[in-house]
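Provided herewith is a single structure, encoded as structure tokens, for subsequent inquiry.
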Amino acid sequence: MASESSDEGGNGYEPKILVFACNWCSYAGADLAGVSRLQMPANCRIIRVMCSGRVRPEFVVTALSKGLDGVLVLGCHPGECHYSEGNYFTRRRGLLLKNLLQFVGIEPERFQVRWVSASEGAKFADTVEQVTEQIRALGPNRPQGGMHSTEPGDR
Amino acid sequence: MEDKLQELVVELLGDGAMEYFIGYRQGFEPSHVVPCFVTDKSEADRLIWGPLCLQNLSKYVLQARDLDGKVGLLVKGCDARAIVELVKQHQIERDKIVVVGVPCEGQVDPRKMEQVLGVSMEQVTDVEDAGDEFLVKVGGEVSKLGKEQVLRDKCFYCKHPTSFDYDYTLGEVQPFTIDSESEEYDAVEKLEELPLEERRAYWLKQFERCIRCNACREVCYGCYCKECIFDRTDPRWLDRTPLPRENEIYHLIRAVHLAGRCIDCGECERVCPVNIPLGRLYKKLQKDIAELFDYEAGMEYDTVPPLVDFELDDQDPFL
Amino acid sequence: MDRKKISKADLGRWLDTIAGKYELIGPTEDEGIIQFGPVQSSAELTLEYANSLIPPKSLFFPPVESLFAFRKRGEEIQLEETKPLQQDRVIFGIRNCDVGSLSLLDRVFCDDLEDSYYRERRERTTLIALACPTPPRSSCFCTTFGIDPLSPAGSDILLTDVGDVYLVDAVTDKGEELVALGEGLFAPLTEGEEKELQPPPVDMPQLDVRELRERLEALWEDEYWEKLSLPCLGCGICTYVCPTCHCFDISDVGSTSDGVRYRCWDSCMYSDFALMVSGENPRPTKRERTRNRYFHKFSTFPSRYGTGYACVGCARCLVHCPGGVEITEVIKDISAKEGVSDR
């Protein structure tokens with residue numbers, strides 16, 4: 001995974017962003033954005049999960065530590081969870097994880113949680129655009145040294 | 001107090017009230033105290049108690065789950081929080097454990113003591129509790145050290161010097177004072193105030209040192225999963241290679257898995273052979289959980305852990 | 001070669017000359033931990049140490065090392081071998097217990113199954129041992145296993161601190177080469193000094209290990225192991241700080257088209273160490289794993305390689321075990337077991 005990451009920096013830099021989208025709201029929102037032919041950057045790789053509460057913290061930590069540039073978790077708005085309360089747990093976990101990642105020096109923009117409903121195709125497109133631009137502005141996730149010092153290719 | 005403890009253990013073992021008792025004994029040198037498993041009455045005289053009985057023995061009750069009888073355990077107030085959590089998290093029945101509470105007036109941080117004394121712990125032959133200070137014997141000479149100089153960090157903010165849920169107790173804590181200028185979350189706040197890049201550099205340097213001996217995990221009362229995610233081969237979350245990147249994954253995931261369950265016993269940091277300040281990582285989560293969800297692990301039996309609970313009006317920055 | 005001396009002031013100068021020609025490795029202190037690491041100059045070294053936390057076996061058999069990199073382009077597979085060393089090395093300050101452990105590891109990595117990575121590191125390294133300070137740490141027990149903390153055996157040069165000067169015994173050609181680099185810094189000993197400048201004798205507890213192996217082998221099914229393993233937490237500290245432990249795991253990191261094959265330390269104390277693909281685990285509980293560790297040190301290794309015991313008495317496991325499983329106690333317990341020798 002890491003060796004494919006776009007960490008060459010400079011002009012050609014395109015961030016790679018992992019998106020977890022809940023099946024009932026956000027994935028449908030993404031669908032709507034597509035069907036509505038909304039333009040958005042193509043930096044996101046979407047993984048559909050049944051609920052944003054399915055996203056375990058290790059998904060996020062591993063993705064970031066292995067060199068992905070950002071992780072975006074999308075779920076139903078609080079109160080609208082298909083399973084009634086899954087996203088309330090996401091909210092608590094997300095808060096803690098975001099703080100912890102910041103605490104160890106990972107930029108807060110690299111891990112974001114947003115609520116996108118099935119009817120919010122435009123919000124999905126906006127969110128993707130916003131997050132992509134934020135992460136593009138940050139640059140590659142730890143371009144040299146540190147994590148990547150023993151990576152294939154730059155030993 | 002040691003006599004009382006030994007007598008009690010002899011009595012309990014004799015009655016068949018428990019299969020074995022877990023306490024402390026002196027290790028290869030006087031300042032080195034290690035866990036002691038007393039399976040026979042004749043061994044009870046090895047049991048000791050003092051300011052160097054650092055280990056949280058609670059982890060050991062998990063391996064006693066399959067015993068027919070009960071297991072006895074010497075429990076400091078701070079360690080009792082682990083018992084509360086283990087019971088609350090349905091890892092063991094409370095009545096499988098015979099809790100012998102011990103009044104603790106503060107534990108010594110050997111690293112601090114070495115610094116203050118300027119000699120290695122090897123030369124310390126005795127440490128005795130004397131209210132506001134410790135009497136430390138080095139080479140036949142006794143010196144007095146104020147507790148504020150050498151106490152373990154967690155002892156400054158101790159909430160339960162005596163185990164609050166015990167079957168037997170060895171006494172009550174005599175009041176004592178510590179003059180400390182530091183606040184509970186000082187170390188965490190100092191890190192929080194650093195610029196992001198400096199925090200990054202700080203933690204990378206710490207994680208880089210990790211040799212992945214797994215001691216932090218094995219000593220942790222909360223790491224009771226039958227199969228740890230790090231040991232799984234399919235999917236493979238983590239390679240055994242102690243590369244900085246893998247080490248970071250290890251420590252961050254372990255931290256979030258302990259969020260809301262960590263009782264700040266400090267065992268992970270204490271056993272770390274390469275001195276990674278893991279306490280700060282866990283303290284950060286503890287601080288956030290207290291601030292955001294008003295919860296502290298191991299304090300009560302009947303509160304719901306914060307990550308399996310929610311409030312409709314929880315903070316929501318995600319919108 | 002005759003015994004020489006070098007003044008304490010000149011030691012740094014000599015080491016700096018060495019650092020100009022070799023990669024110099026020695027004891028350094030960082031975050032309160034003594035470790036052997038490469039230094040640019042002697043000023044970075046510390047001499048205030050009993051021994052390093054991680055034994056210098058890590059310089060020959062690193063905690064993690066890349067064996068080779070692989071790359072797949074279409075049908076073509078490229079392999080790029082890793083060079084273990086860029087430069088010849090000199091290790092300064094190794095203690096005799098660890099020197100002793102290298103001769104045991106040599107049997108593992110250089111006997112019939114040769115490990116080229118280990119061998120190259122071994123051949124291209126010169127060892128300057130430093131005789132242990134007296135008195136030794138209270139935990140040390142190397143003499144139990146026939147190791148003399150003041151002997152040059154196994155190293156290329158032995159330095160002995162006798163106050164203002166170090167005594168210098170260069171016992172191999174490699175050692176003499178290094179001494180030759182420090183021309184003018186070394187002086188022969190006068191007859192009076194030969195007698196006078198002697199390190200104080202080392203006084204260390206001596207454990208009885210004469211029948212250890214035989215007694216141990218009779219204890220395979222003994223309930224002792226159950227009891228012994230109770231405080232063991234199942235972490236890997238004892239094996240990672242052990243200078244003679246040498247188990248490793250191999251993994252490919254990267255993708256199937258682009259990656260590196262790594263070798264890293266593994267520990268027999270881990271619950272999945274002996275786990276097989278079928279799900280069968282011949283050492284399912286701590287009892288078997290603890291027993292295995294001591295059997296390996298005192299029975300399996302000696303019979304497999306025809307050596308002495310695979311313990312050098314460095315006491316690292318004794319000091320660092322968070323559960324307080326003490327190898328010295330194990331030795332004493334086994335020696336004290338009644339009715340074992342006349343089985």
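Naming convention: chains lettered A, B, ... in sequence-line order (proteins, then strands); numbering from 1 in each chain.
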Side-chain heavy atoms of B/I253 within contact of A/P57, under 4.5 Å:
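SC-SC contact between B/I253 and A/P57 ruled out.
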Non-hydrogen side-chain atoms of B/E246 and A/K66 separated by less than 4.5 Å
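Side chain of B/E246 against side chain of A/K66, heavy atoms only: contact under 4.5 Å found.
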Measuring from B/D316:CG to A/H77:NE2, what's the distance to the nearest 0.5 Å?
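Those atoms lie 10.0 Å apart.
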Counting a contact as any heavy-atom pair under 4.5 Å apart, which residues of residues 123-135 of chain A contact chain B?
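Counting heavy atoms that sit under 4.5 Å from chain B, the residues of residues 123-135 of chain A involved are A/K123.
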Tell me, side chain or backbone of A/E107 under 4.5 Å from chain B's heavy atoms, or both, or neither?
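Both parts, backbone and side chain.
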Heavy-atom distances under 4.5 Å only: say whether B/L194 touches chain A with side chain, backbone, both or neither.
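For B/L194, no heavy atom lies under 4.5 Å from chain A.
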Residue part contacting chain A, namely of B/D309, when any heavy atom lies under 4.5 Å
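For B/D309, the contact with chain A is made by backbone and side chain together.
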What part of B/E311 is in contact with chain A, defined as an atom under 4.5 angstrom from a non-hydrogen atom: side chain, backbone, both or neither?
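For B/E311, heavy atoms of backbone and side chain both lie under 4.5 Å from chain A.
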Under 4.5 Å from a heavy atom of chain A, the part of B/P306 involved:
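Backbone plus side chain of B/P306, per the 4.5 Å heavy-atom cut-off to chain A.
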Can you list the residues of residues 86-101 of chain A that sit under 4.5 Å from chain B, counting heavy atoms only?
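Answer by number: A/Y88, A/F89, A/R91, A/R92, A/R93, A/G94, A/L95, A/L96, A/L97, A/K98, A/N99, A/L100, A/L101.
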Atom pair OG (A/S65) and CZ (B/R245), whose distance is rounded to the nearest 0.5 Å
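Nearest 0.5 Å value for the OG-CZ distance: 8.5 Å.
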Flag the pair A/Q102 / B/E192 as yes when at least one side-chain heavy-atom distance between them is below 4.5 Å, and no otherwise.
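They are not in contact (no side-chain heavy atoms under 4.5 Å apart), so the answer is no.
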Counting N and O atoms only, with roles assigned by atom type, does the side chain of B/R200 sit under 3.5 Å from a partner on the main chain of A/I106, one being a donor and the other an acceptor?
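Here the side-chain-to-backbone pair does not exist.
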Minimum side-chain heavy-atom gap B/L285-A/F103 below 4.5 Å:
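Answer no - side chains too far apart.
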For B/W237 and A/F59, take the angle between the two ring planes, folded into 0 to 90°, and tell me which bin it lands in: parallel under 30, tilted 30 to 60, perpendicular over 60.
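Judged by the thresholds at 30° and 60°, the geometry between B/W237 and A/F59 is parallel.
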Counting only non-hydrogen atoms closer than 4.5 Å, does B/Q315 touch chain A with its backbone (N, CA, C, O), its side chain (CB onward), both, or neither?
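Backbone plus side chain of B/Q315, per the 4.5 Å heavy-atom cut-off to chain A.
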